[in-house]
Amino acid sequence: MISNTWLIPFFPFLGFLINGLMGSRLSKKIVGLIGCVSVGLSFLYSGVLFILMLSLPAQERIWQPEFYVWVSAGKFLVKAAFLIDPLSMIMMLVVSGVGFLIHIYSIGYMHEDPAYARYFAYLNLFAASMLVLVMANNFLVMFVGWEGVGLCSYLLIGFWYEKKSASDAGKKAFVVNRVGDFGFLLAIFLTYWTFSTLNFNEVTEIASHRFHVGDAVITAICLLLFLGAVGKSAQIPLYVWLPDAMEGPTPVSALIHAATMVTAGVYMVARCNVLYLLSPISMAVVATVGCVTAIYAASIGLMQNDIKRVLAYSTVSQLGYMFLACGVGAFTAGIFHLMTHAFFKALLFLGSGSVIHALAGEQDMRRMGGLRDHLPRTYWTFIAGTLAIAGIFPFAGFFSKDEILWESFIKGNVIYWFVAVLAAFMTAFYMFRLVFMTFHGESRIDASIRDKICEAPMTMLLPLTVLAILSLIGGFIGIPIIKRANLFHEFLGPIFGKGMSLPEIAHSGSASIAFEISLMVISLAVALCGIWLAYLMYIKDTELPDRLAARFSRLYNLVHNKYYVDEIYDALVVNPIKYLSSALWLIFDNRIVDGIVNGTAWVCYYLSVIIRRIQTGYVYNYALGILVGVCLILGYVLLI
């Protein structure tokens with residue numbers, strides 16, 4: 001069974017081929033069935049492997065099936081092979097499981113779209129690429145999946161390419177990610193130059209025995225890898241593509257934000273945990289960027305009015321939490337939050353899709369309100385996701401986010417903890433602001449569609465229900481207080497335990513359970529304060545936000561306009577490149593390149609005008625020419 005693990009990414013890839021090549025000739029029912037079944041089979045196969053893995057001792061839970069030699073050039077040898085261990089197993093289950101639910105949801109959401117088959121083909125290819133990424137046993141195979149999800153993000157974000165905003169957003173995602181991918185490529189080159197291998201386990205083994213903490217080459221590799229992660233996982237300064245990704249269909253947003261592309265960077269850093277633990281500078285950079293991104297994106301989310309953009313900035317912020325955890329050496333906590341985040345963020349995006357579907361495409365929360373009675377099932381599932389992301393007990397986000405806060409306090413520094421707690425307060429505020437503006441209060445919905453609002457079909461409600469249940473109970477597998485029952489830590493122990501065995505690592509800390517509970521109470525109280533403030537401003541006194549905006553107009557405009565980062569990028573990067581490109585086109589291309597080509601043609605033309613005069617057609621002229629030529633040759637010979 002292990003030797004056939006290639007079937008896991010192959011199933012959705014086969015779905016991509018069938019729907020992509022023959023989808024136009026198949027009924028929508030068949031297209032949707034192929035799309036869902038292909039990913040469902042991947043989830044089923046992954047589940048069987050997971051059960052098989054649990055039956056083995058902890059140290060034997062690793063398989064490396066090799067299929068064939070992919071690249072062989074001198075000493076450079078790369079095999080097409082997978083690495084199935086506890087870390088990749090969690091990612092396989094998350095990608096295929098959450099992806100399967102999103103595929104089912106898409107049947108109802110995209111049913112009326114004329115490009116239905118193309119949509120499912122892209123979605124299947126997305127799932128296949130992400131599975132290759134997380135299952136790879138070396139950097140080069142990972143890079144194939146890495147670029148695959150980048151391509152699919154471009155195709156799906158710009159799926160409605162007839163809209164200029166959608167096509168622009170797809171191009172923006174593609175171009176910004178090229179910056180990060182350049183860093184990833186350099187890291188791969190430097191890794192092979194340093195270790196003479198690209199295999200993850202071999203790199204880990206060599207690094208832990210031959211290199212010391214702080215070695216410059218390890219730091220360079222880690223920083224270049226992190227540049228790739230910053231682009232893929234939308235961290236400062238390469239986060240700008242992710243909010244614009246909302247131009248794609250809502251299920252695409254759910255898939256990108258919850259289970260696939262944006263989690264790739266976190267997974268890659270966690271996979272390279274030994275390298276990062278050998279580089280304190282890189283760890284500090286990862287933690288700082290994650291911490292700053294968490295609060296920065298959360299602050300922007302406070303002022304957004306597009307329901308999907310609020311969730312987009314929320315994703316950027318939550319990814320910052322994951323990188324913060326990795327940066328302080330709490331890799332298990334980062335992956336734990338990645339898993340729970342997949343549950344509640346997929347739920348929130350699909351819930352917002354249900355709202356948008358009911359309102360005929362409306363996404364502005366200022367034109368919503370009072371939807372609780374119209375969409376009761378969507379409302380209660382959405383509440384479950386909101387409580388989870390806000391970190392309210394006993395929902396999944398409480399356990400995973402609290403563990404990051406705890407690890408930041410004892411392994412990182414108090415500033416990290418304080419900033420993360422402040423970001424948690426903002427998260428609770430803007431998420432319940434979204435809930436109150438969308439589902440509560442007076443209806444601000446256009447009268448033309450108010451009477452047509454109805455609950456989503458069962459194909460959309462079923463995934464919402466499953467994800468709501470996972471958002472409620474998903475955190476109990478990693479209860480941080482009861483260490484002996486922390487199954488998540490025990491499962492990932494063989495992966496992250498290797499790094500912790502390095503003798504020079506200083507990331508350590510301990511505290512009493514009472515102190516840990518105290519920090520949990522503080523984080524819970526902060527979240528409840530955020531919810532209360534949102535209630536005060538958007539339920540009890542709805543005029544208060546406008547008064548505050550008028551009183552602090554400069555600050556409001558700064559945050560509302562997302563700190564003008566897009567405008568700054570346009571002024572400093574985009575427009576100069578456009579002007580330089582135009583100048584090169586006008587001066588170098590038109591005048592020099594085209595001038596040389598056209599000049600050559602003109603020279604040939606004028607020479608032909610002169611030379612053709614010699615061709616008169618008279619024999620005596622040709623005889624004279626021959627005689628002159630003979631005289632010149634004889635003269636040359638005699639002179640020599």
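Just so you know, residue 1 is the first one in the sequence shown, and it goes up from there. Being a predicted model, the structure only gives us computed values, none of them experimental.
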For a quick check under 3.5 Å, do Tyr239 and Thr293 share a side-chain donor-acceptor pair by atom type? no
Parallel, tilted or perpendicular, as decided by the 30° and 60° cut-offs, for the rings of Tyr45 and Phe11: tilted
Could you tell me whether the side chain of Val252 reaches within less than 4.5 Å of the side chain of Phe159, counting heavy atoms only? no
Heavy-atom pair with the smallest gap, counting every atom of Ile206 and Phe211: O-CD1, 4.0 Å
Has the side chain of Lys28 got a donor or acceptor atom that lies under 3.5 Å from a matching backbone atom of His111? yes
Using side-chain hydrogen bond (donor to acceptor under 3.5 Å, both in side chains) as the criterion, point out the one residue from Gln304, Lys345, His257 that pairs with Ser314. Lys345
Are there over 12 heavy-atom neighbours, none belonging to Leu7, within less than 6.0 Å of that residue's CG? yes
Rounded to the nearest 0.5 Å, the CZ atom of Phe200 sits from the SG atom of Cys272 at a distance of 6.0 Å
Tell me, yes or no, whether the heavy-atom count around Lys562 atom NZ, taken from other residues, nucleotides or ligands under 6.0 Å, exceeds 12. yes
Which heavy atom in Ser279 sits nearest to a heavy atom in Ile218, and how many Å separate them? CB-CG2, 4.3 Å
Begin from the C-alpha positions of Lys308 and Leu311 and carry the test side-chain contact (heavy atoms from CB on, under 4.5 Å) through to its verdict. CA-CA 5 Å; Lys308 288 176 65 177; Leu311 298 177; 5.6 Å; no
Drop me the distance from Phe189's CZ to Leu186's CG, to the nearest 0.5 angstrom. 7.0 Å
Has the side chain of Asp244 got a donor or acceptor atom that lies under 3.5 Å from a matching backbone atom of Ala169? no
Say you draw a straight line from CH2 of Trp193 to CD1 of Ile221; how long is it, rounded to the nearest 0.5 Å? 9.0 Å
Could you go through Tyr116 and Phe120, starting from their C-alpha distance and side-chain angles, then the distance that decides it, and tell me whether this counts as ring pair (Phe, Tyr, Trp, His ring centres under 6.0 Å)? CA-CA 7 Å; Tyr116 189 78; Phe120 271 99; 5.0 Å; yes
Side chains of Ser129 and Leu133: does their closest heavy-atom pair fall under 4.5 Å? no
A cation-pi test, strictly: NZ or CZ of Arg178 under 6.0 Å from the centre of the six-membered ring of Phe182 and no more than 45 degrees from its axis. Yes or no? no
Within-4.5 Å side-chain heavy-atom neighbours: Glu202 and Phe195: no
In Å, rounded to the nearest 0.5 Å, how long is the span from CG of Leu131 to CZ of Phe126? 11.5 Å
Run the side-chain contact (heavy atoms from CB on, under 4.5 Å) check on Leu277 and Met283 step by step: do they pass? CA-CA 7 Å; Leu277 288 170; Met283 293 284 282; 3.7 Å; yes
Can you tell if the side chain of Phe82 reaches within under 4.5 Å of the side chain of Pro9, non-hydrogen atoms only? yes
Verify, without hydrogens or angle tests, whether Tyr276 (side chain) and Ala270 (backbone) share a donor-acceptor contact under 3.5 angstrom. no
Side-chain donor-acceptor pair under 3.5 Å between Ser88 and Asp85, yes or no? yes
Atom CZ of Phe588 with >12 non-hydrogen neighbours under 6.0 angstrom: no
Taking it one step at a time, do Phe323 and Phe226 satisfy ring pair (Phe, Tyr, Trp, His ring centres under 6.0 Å)? CA-CA 10 Å; Phe323 280 113; Phe226 185 58; 5.5 Å; yes
Is there a donor-acceptor contact under 3.5 Å from the side chain of Thr263 to the main chain of Thr260? yes
Evaluate side-chain hydrogen bond (donor to acceptor under 3.5 Å, both in side chains) for Tyr313 paired with Arg309, printing each intermediate quantity in order. CA-CA 6 Å; Tyr313 282 106; Arg309 286 186 179 269; 5.0 Å; no
Donor-acceptor contact present, side-chain Asn575 to main-chain Asp570, <3.5 Å: yes
Whether the side chain of Asn138 engages the backbone of Val141 through a donor-acceptor N/O pair (distance < 3.5 Å, no angle test) should be reported. yes
How far apart are the closest heavy atoms of Ala297 and Ser317, and which atoms are they? CB-N, 3.7 Å
If only atom types and distance count, is the side chain of Trp70 paired as donor or acceptor with the main-chain N or O of Ala81 below 3.5 Å? no
Tell me whether the count of non-hydrogen atoms from other residues, nucleotides or ligands lying under 6.0 Å of NZ in Lys163 goes above 12. yes
Between Phe16 and Phe13, does the ring pair (Phe, Tyr, Trp, His ring centres under 6.0 Å) criterion hold? Intermediate values first, please. CA-CA 5 Å; Phe16 156 71; Phe13 184 74; 5.6 Å; yes
I want to check something: taking the side chain as every heavy atom from C-beta on, are Thr191 and Leu198 in contact at a cut-off of under 4.5 Å? yes
Is there a side-chain contact between Cys326 and Asn273 (heavy atoms, below 4.5 Å)? no
Gap separating the NZ atom of Lys172 from the OH atom of Tyr154, nearest 0.5 angstrom: 15.5 Å
If you apply the rule salt bridge (charged side-chain N to carboxylate O under 4.0 Å, His left out), what do you find for Asp215 with Arg210, and how did you get there? CA-CA 10 Å; Asp215 280 351; Arg210 298 185 188 177; over 6 Å; no
Between Ser38 and Leu14, is any pair of side-chain heavy atoms under 4.5 Å apart? no
Is a side-chain donor-acceptor pair under 3.5 Å present for Tyr296 with Tyr563? no
Donor-acceptor contact below 3.5 Å, side chain Ser233 vs main chain Gly265: yes
Any side-chain heavy-atom pair from Phe349 and Met246 closer than 4.5 angstrom? yes
Just how far is it from atom OG of Ser282 to atom CG of Leu223, taken to the nearest 0.5 Å? 3.5 Å
Criterion side-chain contact (heavy atoms from CB on, under 4.5 Å) on Met142 and Phe184, from CA distance to verdict: CA-CA 11 Å; Met142 174 184 273; Phe184 193 13; 3.8 Å; yes
Tightest non-hydrogen contact, residues Ala346 and Ala254, listed as O-CB, 4.3 Å
Quick check: closest heavy atoms across Val316 and Ala234, and the distance to 0.1 Å? CG1-O, 3.3 Å
Taking all atoms of both residues into account, what is the closest heavy-atom pair of Ser3 and Pro65, and its distance? CA-CB, 4.5 Å
Does Tyr109 reach the main-chain N or O of Pro251 with its side chain, forming a donor-acceptor pair under 3.5 Å? no
Please report the C-alpha distance between Met261 and Met130 in whole Å, then the side-chain angles of each, then the deciding distance to 0.1 Å, and finally whether the side-chain contact (heavy atoms from CB on, under 4.5 Å) criterion is met. CA-CA 7 Å; Met261 184 169 172; Met130 189 64 189; 5.8 Å; no
Establish, from distance only, whether the side-chain atoms of Lys75 and Ser196 form a donor-acceptor pair under 3.5 Å. no
